Amino acid sequence: MDLVIRDAEVVDGSGAPSYRADVVVEGGRITAIVKEAAAAGCQRPRARRELDAEGLVLAPGFIDMHAHSDLALLRDPEHTAKAAQGVTLEVLGQDGLSYAPVDDSALAEVRRAITGWNGYGEDIDFTWRSVGEYLDRLDHGFDGEGIAVNAAYLVPQGTVRMLAMGWEDREATPQELDHMRELVAAGLLEGAVGMSSGLTYTPGMYAKDAELTELCRVVASYGGYYCPHHRSYGAGALQAYEEMVALTREAGCALHLAHATMNFGVNKGRAPELLTLLDDALATGADITLDTYPYTPGCTTLVAMLPSWASEGGPEAVLTRLADEETAERIRHHMEVVGADGCHGVPIEWDTIEISGVTDPALSSYVGRTIAQSADAHGEDPWVTARRLLLADRLGSTILQHVGHEENVRTIMRHRVHTGGSDGILRGDKPHPRAYGTFPHYLGRYVRELGVLSLEECVAHLTSRPAARLRLPDRGLVREGHRADLVLFDPATVAAGSTYEAPRTLPTGIPYVLVDGRFVIEDGRRTDVLAGRAIRRSG
């Protein structure tokens, strides 16, 4: 045997009560589970390595259902931001914008569009164009050895639309829709697990429901799921959720709601209304899951706050409009008075918009301050500050948006179809602490300190539920025959180290993490193991 983990308190991911056991790992799989081995006095399993897990919980590795590590996995072999949290699988291609499928022109455009999420990628060799080639690149990883953790991929609908018809705000022609169908089908055949959308991001937001429904029919035909960042998390949030439920029911497609929450003042205390909507749909046969992160602020790019009409044509067109005084005034009016669709239909409150990162180091003085604070320091209107930063940083600035409500966060995480997703943006001088802390924060804050979830229930949310959504029959549970993607943590001390002041601080209380039966975290430190691979759609 390769490894025996002795006397662990096994929380197996099913939600069932924990039990004490020895767990045997061989060839990357769990080959035996001997319950209450010491107490029973039986012949205990032996192995080349035996790990004493007294006082530790053994659980399946955590699955991050909403990750933005699309380039990070290829630039950072350590990837401790996720490995140290116990994450053994991330789902990439989120919010409708990522790097496959593309041609040369679309790749250049998407790199510009999501610089704030992943950097421009000047340190990446973009050898791929198709989804399959990107997954192959993940498999190869670093010097052919792989990547830090496993990764699955969603076909990004916004990138597909960009590739088929550019950045135009109009309905697709029948030929363009056929092209998009072909691109989605090809991505799924090559291993993607579903399709994502960013319906407050251009160009994906220009798609009407009929177009999205047709693409979801393709996703359903391959057994995938649709993961929308829907059209509003603010004014009209419930209507936006209803739209996604109805659309996927019409298409016969499974639905996974990305970072599903209810934000802004108009939605304070309204999470039960969302859950009633979902419960009614589930009761009539809908296939729905969702993910959330256990924090109240959101995180995105500053340019995402602009009205969609201002982003038509792509990044260069945005910069041209911002540079024009008359057009810039129209943008300001939509943002501050009307409520831009980029800001979820709510008039922007500049004191909630904190700059978390810039691409130009000369602009670092803006980081950690709200737009309102920087404007006060310059003695000017907040829009003047925001516009200057957008132009100077060429749309690359990221933000924290302080618009969430703790009671909504707690209410939604209790729901039976809830899973965990960090939505972690790893770039920037001051990233959201969720990128480094989501999973230990669930265990330390919401299990141990607050008792919002039991330990067994929380682990199920972070393991078996997402594995079931991804249709992974041998992951997400501590079971004989399952892949040995495992995490050992101390339930008395596990906690997120990351804070808003020090967001890259690693968690505590997670001494061991295994990917495919190999230690990627050992004695609390990152090893040099690269056991992660692309996880392709099954069935």
Side-chain angles (χ1 to χ4, degrees), residues 61-100 110-111 113-126 128 131 134-142 145-156 159 191-194 196 198 227 229 258-259 291 293 299-301 356-357 398 419-428 431-440 462 466 470 485 498 503-504 506-507 513 515 520-521 526 529-536:
F62 304 134
I63 298 176
D64 188 342
M65 287 295 287
H66 193 104
H68 288 285
S69 303
D70 307 50
L71 299 185
L73 279 166
L74 296 174
R75 68 160 52 98
D76 176 16
E78 291 195 359
H79 200 48
T80 51
K82 295 301 179 68
Q85 293 185 60
V87 171
T88 58
L89 170 59
E90 299 182 272
V91 184
L92 314 177
Q94 299 288 350
D95 295 327
L97 289 167
S98 190
Y99 306 94
V110 78
R111 287 175 66 182
I114 54 176
T115 294
W117 295 356
N118 299 307
Y120 183 66
E122 62 277 359
D123 53 343
I124 300 294
D125 184 7
F126 288 90
W128 68 87
V131 170
Y134 175 66
L135 297 178
D136 289 344
R137 181 72 179 83
L138 292 174
D139 277 338
H140 177 77
F142 296 89
E145 294 186 23
I147 49 180
V149 301
N150 297 312
Y153 189 74
L154 296 163
V155 179
T159 302
V193 295
S196 74
C227 179
H229 165 130
H259 37 61
D291 66 66
Y293 47 83
C299 180
T300 186
T301 56
S356 60
T398 52
T419 67
S422 70
D423 197 11
I425 295 175
L426 301 172
R427 303 288 286 183
H432 197 303
R434 68 193 185 192
Y436 284 74
T438 286
F439 296 87
L462 307 181
L470 296 169
D485 292 347
S498 58
R504 287 191 169 89
L506 297 179
V513 181
V515 174
V520 298
I521 299 291
R526 179 71 172 93
V529 168
L530 295 168
R533 296 293 186 272
I535 304 300
R536 290 166 170 83

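Sequence positions, counted from 1, serve as the residue numbers for this chain. We use all heavy atoms of the structure for the numbers below, so side chains are in, but hydrogens, waters and symmetry mates are not. Keep in mind it's a predicted model, so treat the numbers as computed, not measured.
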Within the side chain of R137, is there an N or O that forms a donor-acceptor pair under 3.5 Å with the backbone of G141?
yes
Donor-acceptor check, side chain of D485 to backbone of V515, threshold 3.5 angstrom: yes or no?
no
Could you label the plane-to-plane angle of the H68 and W117 rings as parallel, tilted or perpendicular, counting under 30° as parallel and over 60° as perpendicular?
tilted
Could you tell me the separation between the CZ atom of R427 and the CD1 atom of I114, rounded to the nearest 0.5 Å?
12.0 Å
Short side-chain to backbone donor-acceptor contact, Q94 and D70, under 3.5 Å
no
Taken in chain and number order and not counting sequence neighbours, the residues that satisfy side-chain hydrogen bond (donor to acceptor under 3.5 Å, both in side chains) with S498 are none
Are the side chains of T438 and D64 in touch, meaning some heavy atoms are under 4.5 Å apart?
no
Answer yes or no: is there a side-chain heavy-atom contact under 4.5 Å between T300 and I425?
no
Nearest heavy atoms of A67 and K82, plus distance in Å
CB-NZ, 3.7 Å
Are the side chains of F126 and L71 in contact, using a 4.5 Å heavy-atom criterion?
yes
Could you check whether any side-chain N or O of E90 sits under 3.5 Å from a backbone N or O of V149, counting only pairs where one atom can act as donor and the other as acceptor?
no
Which value, rounded to the nearest 0.5 Å, describes the distance between T80 atom OG1 and I521 atom CD1?
7.0 Å
Which heavy atom of P507 sits nearest to which heavy atom of A84, and what is that distance?
CG-O, 3.3 Å
Contacts of H79 that satisfy ring-ring contact (aromatic ring centres under 6.0 Å, His included) - sequence neighbours left out
none
Can you check whether E145 reaches P77 side chain to side chain, under 4.5 Å on heavy atoms?
no
Do you see a donor-acceptor pair shorter than 3.5 Å between the side chains of T159 and S98?
no
What one should report as the nearest heavy-atom pair of A148 and L530 is N-CD2, 3.9 Å
Measure the CG-CG distance between D123 and D76 for me, rounded to the nearest 0.5 Å.
10.5 Å
For R111 and Y120, the nearest pair of non-hydrogen atoms, with its separation, is NE-O, 2.9 Å
Distance, nearest 0.5 Å, that separates NE2 of H66 from NE2 of H229:
8.5 Å
Under the ring-ring contact (aromatic ring centres under 6.0 Å, His included) test, which residues partner Y134, sequence neighbours left out?
W128, Y153
So which heavy atom on V513 is nearest to which on G86, and how close?
CG2-CA, 3.8 Å
How many angstroms lie between CE in M65 and CG in L89, if you round to the nearest 0.5 Å?
8.5 Å
Is it true that a side-chain atom of D139 and a backbone atom of A534 form a donor plus acceptor pair closer than 3.5 Å?
yes
Within the side chain of R526, is there an N or O that forms a donor-acceptor pair under 3.5 Å with the backbone of E78?
yes
Should I535 and V193 be marked as a side-chain contact (heavy atoms from CB on, under 4.5 Å) after you check the CA-CA gap, both sets of side-chain angles, and the distance that decides it?
CA-CA 9 Å; I535 304 300; V193 295; 5.9 Å; no
Quick check: closest heavy atoms across P156 and G93, and the distance to 0.1 Å?
CB-O, 4.1 Å
Is it the case that the side chain of T419 and the backbone of P466 share a donor-acceptor pair, with hydrogens and angles ignored and the cut-off at 3.5 Å?
no
Rounded distance [0.5 Å steps], CG in L73 versus CG in L138
6.5 Å
Once the angle between the rings of F439 and F62 is folded into 0 to 90°, is it parallel (under 30°), tilted (30 to 60°) or perpendicular (over 60°)?
parallel
Do V91 and D291 come within less than 4.5 Å of each other through their side chains, counting heavy atoms only?
no
Are the side chains of P431 and L426 in touch, meaning some heavy atoms are under 4.5 Å apart?
no
Main chain of T398, side chain of S356: is a donor-acceptor contact present, judged purely on distance under 3.5 Å?
yes
